[in-house]
Number of protein chains: 2
Amino acid sequence: MGSNYDQQLIERNVKPTAMRQLVYTVLNEQKTAISLAELEQKFEKVDRVTLYRTLKTFEDKKVIHAIEDGTGSVKYALCQDTCECNPKDLHVHFHCTECGQTYCLNDIQVPGINLPQNFTLESVNMVVKGVCDECNK
Amino acid sequence: MGSNYDQQLIERNVKPTAMRQLVYTVLNEQKTAISLAELEQKFEKVDRVTLYRTLKTFEDKKVIHAIEDGTGSVKYALCQDTCECNPKDLHVHFHCTECGQTYCLNDIQVPGINLPQNFTLESVNMVVKGVCDECNK
DNA sequence: AAAACTATGCAACTGTATTGCAAAGTTATT
DNA sequence: AATAACTTTGCAATACAGTTGCATAGTTTT
């Protein structure tokens with residue numbers, strides 16, 4: 001049989017084990033980015049290290065991207081289908097200081113930056129902090 | 001007597017104690033942003049918690065700003081004279097993946113972002129990663 | 001000089017991230 | 001089909017950044 005998400009994993013060269021299918025499913029259900037600790041809480045019983053390595057594998061293979069939102073715990077979210085995690089694929093993230101949620105603003109591309117002479121660019125982590133629409137109600 | 005830097009501290013409503021003068025001096029000597037652990041190593045013998053609280057005080061009073069560069073340890077750098085840490089005062093930071101240094105690109109302002117409806121902005125943490133001029137030689 | 005407040009130092013603790021190693025599971029080879 | 005080689009998972013333990021509580025020292029106010 002195999003999960004509905006096998007294809008996404010296989011396309012990114014990740015063997016779709018049971019664990020990975022589960023993790024992918026959970027990630028897919030999230031509206032906002034999620035930390036390792038939060039992911040752990042979605043399961044009855046699971047080994048944190050296995051989740052940790054699953055996330056690392058997913059990140060390496062560009063199934064997910066990491067967001068350093070400054071809370072002390074890295075958040076993760078699924079990449080868009082077309083994402084190669086190149087600078088041009090990068091979007092802005094939003095961290096709500098009220099509810100603590102971290103959003104992917106997939107529609108807002110990270111603006112280009114002209115670096116000083118001889119600085120070369122690999123990636124950009126841009127996190128806007130403020131209050132989200134839910135908390136502004 | 002008093003240190004040369006008393007004025008800067010007093011202007012920001014920080015009492016210029018001996019400890020704070022020392023920390024300010026060290027921060028002022030840095031070309032790149034520095035972590036708590038790195039700061040600790042600049043002293044023969046010093047209590048980490050005191051440094052920690054000194055940095056927190058400096059940050060609160062906008063003597064320094066914190067940079068979340070994604071390395072797992074927050075970096076700190078002196079604010080510019082005119083800085084009020086408002087969005088318009090914010091500059092881009094650069095983290096070199098080769099030497100590990102984090103630079104303040106004081107001349108490069110963080111670009112404005114149009115947030116979705118009902119999202120309000122407080123601050124922005126923008127870190128560009130790549131290779132710095134020194135490491136590109 | 002005493003009281004009130006602020007800063008410092010030490011000990012202890014929390015939580016995230018990470019590594020090593022053995023067991024279980026999977027894939028390739030004979 | 002049995003073995004070997006490799007990959008994934010689970011458990012134990014560790015490393016380290018960040019943080020809190022409390023007692024002492026120092027400073028300022030009354």
Student: How long is the line joining CD of A/Q21 and C1' of D/dT8, in whole Å?
Tutor: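 Atom-to-atom, A/Q21 to D/dT8, this comes out as 14 Å.
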Student: May I have the distance from A/E40 (atom CD) to D/dC11 (atom C1'), rounded to whole angstrom?
Tutor: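 Going from CD in A/E40 over to C1' in D/dC11 covers 13 Å.
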Student: Please determine, by modelled atom types, if B/Q117 and A/D133 share a side-chain donor-acceptor pair under 3.5 angstrom.
Tutor: no
Student: B/V124 versus A/V127: any side-chain heavy-atom pair under 4.5 Å?
Tutor: no
Student: Contacts to DNA chain D from residues 48-57 of chain B, heavy-atom cutoff under 4.0 Å, which residues?
Tutor: B/R48, B/V49, B/Y52, B/R53, B/K56
Student: Let me know the distance between CG of A/D47 and P of C/dT18, rounded to the nearest Å.
Tutor: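 About 15 Å, once rounded to whole Å.
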Student: For B/N86, look at atom CG and say whether over 12 heavy atoms of other residues, nucleotides or ligands are found less than 6.0 Å away.
Tutor: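 Count over threshold, so yes.
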Student: Among C/dT16, D/dC11, D/dT9, which nucleotide sits nearest the side chain of A/R20?
Tutor: D/dT9
Student: Let me know the distance between CD of A/E44 and P of D/dG10, rounded to the nearest Å.
Tutor: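 Result: 15 Å.
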Student: Ignoring backbone atoms, establish whether B/T17 has a side-chain N or O less than 4.0 Å from OP1 or OP2 of C/dT8.
Tutor: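 True: B/T17 side-chain N/O within range (under 4.0 Å) of C/dT8 OP1/OP2.
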Student: Assess, by modelled atom type and distance only, whether the side chains of A/T120 and B/N136 contain a donor and an acceptor separated by less than 3.5 Å.
Tutor: yes
Student: Closer than 4.0 angstrom, basic N to acidic O: yes or no for A/K129 and B/E68?
Tutor: yes
Student: Nearest-Å distance, CG (B/L22) to C1' (C/dA7)?
Tutor: 14 Å
Student: Rounding to an integer number of Å, can you tell me how far A/K75 NZ sits from C/dA17 P?
Tutor: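 A/K75 atom NZ is separated from C/dA17 atom P by 9 Å.
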Student: Test your reading of the model: is there a side-chain donor-acceptor pair from A/K61 to the backbone of A/N13, 3.5 Å cut-off?
Tutor: yes
Student: Rounded to the nearest Å, what distance is computed from the CG atom of residue B/D60 to the P atom of nucleotide D/dT19?
Tutor: 12 Å
Student: Does A/K15 or A/L36 map to a spot on DNA chain C nearer the 5' end, using the closest nucleotide for each?
Tutor: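 Taking each residue's closest nucleotide, the earlier one in sequence belongs to A/L36.
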Student: Over how many whole Å does the gap from A/E68 atom CD to D/dA17 atom C1' extend?
Tutor: 15 Å
Student: Compute whether any side-chain donor of one residue and acceptor of the other, for A/H93 and A/H95, lie under 3.5 angstrom apart.
Tutor: no
